[in-house]
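Everything on this sheet refers to the single structure shown next.
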Protein chains: 2
Amino acid sequence: MVTFNGKTYECPLEMTIDLIGGKWKVLLLWHLSKGPLRFNELSRIFPHLSTKMLTQQLRDLERDGLVHRNIYPQVPPKVEYTLTDLGHSMMPILQEMNRWGTSHINTQIPQSDQ
Amino acid sequence: MVTFNGKTYECPLEMTIDLIGGKWKVLLLWHLSKGPLRFNELSRIFPHLSTKMLTQQLRDLERDGLVHRNIYPQVPPKVEYTLTDLGHSMMPILQEMNRWGTSHINTQIPQSDQ
DNA sequence: CAGAATCCGACGGGATACTG
DNA sequence: CAGTATCCCGTCGGATTCTG
């Protein structure tokens, strides 16, 4: 029984997958690891991600301390998203995932015949 | 643009997270990495996982070549699930996830005040 | 520019009952 | 034992519109 940011889990693995599971969070973290990005820049990188979802995922990541939201008080508004140290500490995981994906591109699994 | 088992993705990372994203798949892979487990054994390990979901997740993992389903033709039926080589190749990812989780147990993120 | 608000349909997933 | 089948409700998430 472990906890993270108020949530309770049965084991560390469950805790981690809850933070980055789902399609978009790892992709957001991955792109932000290369440098700060603005809301619309992220929106352009992921054309299939609605602004509603983008906002929601970024809020989740922010609430869990993986992403920092930097607001420049100016008109028009400017908001930059960056990785926190905790966010950067996820990189070994993402690198392993990227490595696995890269080395298994175009794999075709023969479906069992029955 | 990459593919895996007939599905198309924008990048290797997206491909990987699609295979193991979601709460249960990593947990199933994790337990199966220690040895074969039967359907009811898995069911007992995860009390909050319905048989419907368990079946569905196992079928997904099987279809994607990460898990093998071994049927013993006998009465009562006996079915053992094991990791394939491809499933084992996921272990570095899960180990990183477990490592991260373990070293961030009981973290509390101070919420930004506004 | 960076969202918030609203509406609404699809489906993820629980509970229960049933089967070879 | 190892599932399947059915019902059903909640939420996920898309599309659209609006705002400081």
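To find a chain, count down the sequence lines: A is the first, B the second, and so on, and within it residues start at 1.
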Residues from residues 4-11 of chain B lying under 4.0 Å of DNA chain D - heavy atoms: none
Pairwise 5' ranking along DNA chain D for A:His48 and A:Pro77, keeping only the more 5' one: A:His48
Separation of D:dG3 C1' from B:Arg69 CZ (nearest whole Å): 8 Å
Under 3.5 Å donor-acceptor pair, B:Lys52 side-chain atoms to C:dG14 base atoms: yes
Aromatic plane relationship, B:Trp100 with A:Phe4 - under 30° parallel, 30 to 60° tilted, over 60° perpendicular: tilted
Nucleotide D:dC12, atom P - distance to CH2 of A:Trp24 in whole Å: 16 Å
Short side-chain N/O contact from A:Tyr81 to OP1 or OP2 of C:dC1, under 4.0 Å: no
Parallel, tilted or perpendicular: rings of B:Phe46 and B:His31 (30°, 60°): perpendicular
DNA chain C stem ranges, 3 or more consecutive Watson-Crick or G-U pairs under 3.5 angstrom: C:1-20 with D:1-20
Matching residue for B:Asp60 among B:Arg69, B:Lys25, B:Lys7 - test: salt bridge (charged side-chain N to carboxylate O under 4.0 Å, His left out): B:Lys25
B:Asn40 CG to D:dT4 P, straight-line distance once rounded to whole Å: 13 Å
Phosphate-side-chain proximity, A:Arg44 and C:dA2, N/O vs OP1/OP2 below 4.0 Å: no
Under 4.0 angstrom between A:Arg59 side-chain N/O and C:dA4 OP1 or OP2: yes
B:Leu54 CG - C:dA15 P separation (whole Å): 15 Å
Within residues 29-38 of chain A, residues whose heavy atoms come under 4.0 Å of DNA chain C: A:Arg38
Check: A:Thr16 side chain, B:Met97 main-chain N or O, donor-acceptor pair, under 3.5 Å: yes
Basic-acidic side-chain contact under 4.0 Å: A:Glu41, A:Arg44: no
Nearest-angstrom distance from the residue atom CE of A:Met53 to P of D:dT11: 14 Å
Over 12 foreign heavy atoms within 6.0 Å of CG, A:Asp85: no
B:Leu32 side chain reached by B:Tyr81 side chain, heavy atoms, under 4.5 Å: yes
Polar side-chain atom of B:Ser43 near backbone of B:Asn40 as donor-acceptor pair, under 3.5 Å: no
CA sep, side-chain torsions, deciding dist, call: A:Arg63, B:Ile109, side-chain contact (heavy atoms from CB on, under 4.5 Å): CA-CA 7 Å; A:Arg63 173 177 45 78; B:Ile109 309 295; over 6 Å; no
Interatomic distance where CG belongs to B:Leu42 and C1' belongs to D:dA2 [whole Å]: 12 Å
Protein-nucleotide distance (A:Gln56, atom CD; D:dT11, atom P), rounded to Å: 12 Å
B:Gly87 backbone acceptor or donor facing B:Thr84 side chain under 3.5 Å: yes
Sugar-phosphate only, base, or nothing, as touched by B:Thr51 at under 4.0 Å among non-hydrogen atoms: base
B:Ser50 side-chain N/O to C:dG13 phosphate OP1/OP2 under 4.0 Å: no
Validation row: B:Leu42, B:Leu28 side chains within 4.5 angstrom (heavy atoms): yes
Atom-pair distance (CG on B:Leu58; P on D:dA2), nearest Å: 11 Å
Gap separating the CG atom of B:Leu27 from the CD1 atom of A:Ile17, nearest 0.5 angstrom: 8.0 Å
